[in-house]
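Down below is the structure, laid out as structure tokens.
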Number of protein chains: 2
Amino acid sequence: MAVTIKDVAKAANVAPSTVSRVIANHPRISERTKKKVREAMENLGYHPNFIARSLANQSTQVLGLVMPGSTEVFFQNPFFPTVLRGLSEGADEKQYALQLTTGKTEEEIYNGVVQMVQGGRVDGVVLLYSKVEDRLLMYLKERNFPFVMIGKPFKYVEEITHVDNDNFRATKEVAQYMLDLGHERIAFIGGDLNLVVTVERLLGYEKALRQAGIPLRDDYIIHEEFLREGGREAVNELMMLKEPPTALIVVDDLMALGVLNTLDEMNIRVPEDISIISFNNVLMTEMSKPPLTSVDINIFDLGFQAAKSLIQRIENPKEPIKRVIVPHEIVKRCSCSERNE
Amino acid sequence: MAVTIKDVAKAANVAPSTVSRVIANHPRISERTKKKVREAMENLGYHPNFIARSLANQSTQVLGLVMPGSTEVFFQNPFFPTVLRGLSEGADEKQYALQLTTGKTEEEIYNGVVQMVQGGRVDGVVLLYSKVEDRLLMYLKERNFPFVMIGKPFKYVEEITHVDNDNFRATKEVAQYMLDLGHERIAFIGGDLNLVVTVERLLGYEKALRQAGIPLRDDYIIHEEFLREGGREAVNELMMLKEPPTALIVVDDLMALGVLNTLDEMNIRVPEDISIISFNNVLMTEMSKPPLTSVDINIFDLGFQAAKSLIQRIENPKEPIKRVIVPHEIVKRCSCSERNE
DNA sequence: TTGTAAGCGTTATCAC
DNA sequence: GTGATAACGCTTACAA
């Protein structure tokens, strides 16, 4: 059995409560006893028991991370490890630990989170996504349980602490960039329409075109659920059109890679024949052929800020709801060029 | 305040212990009381408190995951999310949760794990790597704390539960494959020499060449710590040689991608001028130009088996140490061809 | 079959 | 300043 606070107390000839106070660095404890107790702790190799502490405190110093339902797809995306690294650093700074939800289906995940929350395993929860329809979100909101969302809430924007890019503006800028290069036949290859990020980006794209007086075409807007394969599919559809686009806006680098591959097989050159821009700016964008122009959304920061916001929310529940917008930036590489007629 | 076992007891007109027994599905409880209690739980919306349970049981149903010191590099590798998915499924099956260690430096991680372990936060620990020299390993081993390693232990192979590929044999096969294609000038581009996997693969490579009667050349063996950049570096060195190799064995797909890029810049064609094979068979290998021949090491399974082995170890500490070897397979794509003189 | 009560390792509220 | 003691929510002998 491990050495407890009582053992230390005995060894140092004080009461357990005194030991507890020394650990907490309570102010009114004489330096002498502090030293005495600390020595005893050292000698016995004492380490505080988190579980007991959690029970007494009603707080665990653990943050729960919630993946979207389609774990398999999500895990494949370089977005995940990077945001995780950000979360990890943010949590670490304040001495919080990270716990993952497991579960493959949406149902399993929901139940897992409910257990986590009601079971008192975590002090707060990070939603790593934002869906249009989300039971879990409603659950957390109703309980008033501390949570933060990475992405923009579909509803209740003012009532939910979240960390996000301005995806609407980013995509508007991206479309404008293509317009400035002389493109007019600009297609949009989006992801799962249940994700708010897809919606936001689509709206930004539409806005830019509309402002430029270019009519929107349904056949230029495609949504694919899977990343790599999705890219292939989309290109196949678009290139069959009588008037194929000369520029593509792709909502994910991985998908863009699929696009690039398929285009290559079709002997369509990038950027000479068609321009491509995508989102996330993950490592691989540098290594593709040609290197992809991509919007850096600061994934690490998304995670880092989310952890910090959540912890703040946990520790100061009275403070007002916070929204953090992480800046983005178009990183120009070699996949876009002026339109050649 | 949340609803507790006592509230349920009151509502059902039984003692708290009875409620506890119902939860545990204790055999000698009458069906009638079971029903009564369950209804009360339902009505009150009762959820067991994991923390309290953990304290009473001295067990948390949580597994700790330990990253190698160089978190940043590790997170970038597609290996990580895949192994995590495997761990997640393995843990989920037995209703265990996953907790991550945070911390950037090796020192921070070490302390984090010690806290986790001594603080009773986790029932067992997964080491996601195997290093030649490892303080943490020694620490866990000395305490006899349940843990499992993904990779081959450098020492105490018989005494440590681990899940691994047969990397020695795999690399021998890979080298043999190159030999069979007529290559004799085969170079090896390895990773961090502190990782056992690098060592094992190097040994397999050497063995194959020696068996074929081909003298080992120091200048054909290169080790790089970082993945992408490492690939570039290595190619630069190798191609400067008077007798550059005609085949490359690269220990990581990501590194191989860097290799491919650099080669392309040098106008060296793959596989016409040089053949390449790498390890891990991550998604990107299919998408590179040309698609990479790679050794599938079943990363998901490594994680899955690790979780299962660890849980078994936790629940049956008496059982003998287990070693699981996950099979590998060379997935032939387009980056290797017969040697052209 | 069920109830009583001690215990898990802390923290926190009183006293002194 | 420090020491008793109750409390956190659950499990588990031991009784009944």
Side-chain angles (χ1 to χ4, degrees), chain A residues 1-38 40-41 44-62 95 115-123 315, chain B residues 1-38 40-41 44-62 95 115-123 315:
Chain A
M1 183 95 318
V3 25
T4 77
I5 219 172
K6 286 183 190 166
D7 303 319
V8 177
K10 248 172 231 157
N13 249 309
V14 295
S17 47
T18 304
V19 177
S20 175
R21 283 189 267 253
V22 172
I23 295 169
N25 220 329
H26 199 100
R28 354 182 230 277
I29 285 275
S30 74
E31 280 306 321
R32 247 193 63 226
T33 16
K34 271 190 192 169
K35 179 168 292 177
K36 206 169 52 176
V37 170
R38 290 207 176 110
M41 298 200 306
L44 300 179
Y46 169 79
H47 283 265
N49 182 312
F50 279 107
I51 303 299
R53 178 179 285 181
S54 298
L55 185 59
N57 279 335
Q58 301 287 72
S59 113
T60 58
Q61 300 265 112
V62 178
Q95 305 274 53
Q115 279 201 9
M116 229 185 199
V117 168
Q118 309 261 18
R121 270 207 216 255
V122 296
D123 293 344
E315 296 180 348
Chain B
M1 185 96 320
V3 27
T4 78
I5 217 172
K6 285 184 192 165
D7 303 319
V8 178
K10 247 171 233 157
N13 249 311
V14 295
S17 50
T18 304
V19 178
S20 175
R21 283 188 267 255
V22 172
I23 294 169
N25 220 329
H26 200 98
R28 12 179 216 274
I29 286 276
S30 75
E31 280 305 323
R32 244 194 64 227
T33 17
K34 271 189 192 170
K35 179 168 293 176
K36 205 170 53 177
V37 169
R38 289 207 176 110
M41 298 199 308
L44 300 179
Y46 169 79
H47 284 264
N49 182 312
F50 278 107
I51 302 299
R53 179 181 283 182
S54 297
L55 186 59
N57 280 336
Q58 302 286 71
S59 113
T60 58
Q61 299 266 109
V62 177
Q95 305 275 52
Q115 279 202 8
M116 229 186 201
V117 168
Q118 309 261 18
R121 269 209 220 253
V122 295
D123 293 343
E315 296 181 349

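Every chain is numbered from 1, with letters handed out A, B, ... down the list of sequences. In what follows, every heavy atom counts, from backbone to side chain, and hydrogens, waters and symmetry copies are set aside.
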Within the side chain of Gln61(B), is there an N or O that forms a donor-acceptor pair under 3.5 Å with the backbone of Gln95(B)?
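Between the backbone of Gln95(B) and the side chain of Gln61(B) there is a qualifying donor-acceptor contact (under 3.5 Å).
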Is a donor on one side and an acceptor on the other found under 3.5 Å between the side chain of Thr60(B) and the backbone of Ser54(B)?
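Absent.
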Measure [atom1]/[X] against [atom2]/[N] and give the value in whole Å, please.
X        : N       : atom1 : atom2 : value
Glu31(B) : dT2(C)  : CD    : P     : 10 Å
Arg28(A) : dA15(C) : CZ    : P     : 15 Å
Lys10(A) : dG3(D)  : NZ    : P     : 14 Å
Asp7(A)  : dC8(C)  : CG    : C1'   : 13 Å
Lys6(B)  : dA6(D)  : NZ    : C1'   : 11 Å
Arg32(B) : dT1(C)  : CZ    : P     : 13 Å
Lys35(A) : dT2(D)  : NZ    : P     : 14 Å
Asn49(A) : dC8(D)  : CG    : P     : 18 Å

Go through the structure and list residues passing side chain to side chain donor-acceptor pair (under 3.5 Å) with [X], not counting sequence neighbours.
X         : result
Glu315(A) : Tyr96(A)
Arg21(B)  : Ser17(B)
Lys34(A)  : Asn25(A)
Ser20(B)  : none

Does dT11(C) have OP1 or OP2 sitting under 4.0 Å from an N or O in the side chain of Gln58(A)?
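For dT11(C), OP1/OP2 do not have a side-chain N/O of Gln58(A) under 4.0 Å.
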Nearest atoms (heavy-atom pairs only) where Tyr46(A) meets Val3(A):
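So the minimum-distance heavy-atom pair works out to CD1-O, 3.4 Å.
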Under 3.5 Å, N/O pairs linking protein and nucleotides 11-13 of chain D:
residue	atom	partner	partner atom	Å
dT11(D)	OP1	Arg53(B)	NE	3.0
dT11(D)	OP2	Ser20(B)	OG	2.7
dT11(D)	O3'	Asn57(B)	OD1	3.4

Any base atoms under 4.0 Å from [X], or only sugar-phosphate, or nothing? Heavy atoms, all strands.
X        : result
His47(A) : sugar-phosphate
Asn13(A) : sugar-phosphate
Ser54(A) : nothing

Comparing Ile29(A) and Ile51(B) on DNA chain D - which has the more 5′ nearest nucleotide:
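Counting from the 5' end, the first nearest nucleotide belongs to Ile29(A).
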Would you say Lys10(A) has more than 12 foreign heavy atoms packed within less than 6.0 Å of its NZ?
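Incorrect, the count does not exceed 12.
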Apply side-chain contact (heavy atoms from CB on, under 4.5 Å) to Val22(A) and Thr33(A), showing your working.
CA-CA 8 Å; Val22(A) 172; Thr33(A) 16; 5.7 Å; no
Kindly calculate the angle separating the two end axes of the helix from dT1(C)-dA16(D) to dC16(C)-dG1(D), each obtained from five base pairs, and round it to 10 degrees.
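Comparing the first five pairs with the last five, the axes sit 40° apart.
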Could you say whether Lys34(B) or Leu55(B) is positioned toward the 5' end of DNA chain C, judged by the nucleotide with the nearest heavy atom to each?
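Result: Lys34(B).
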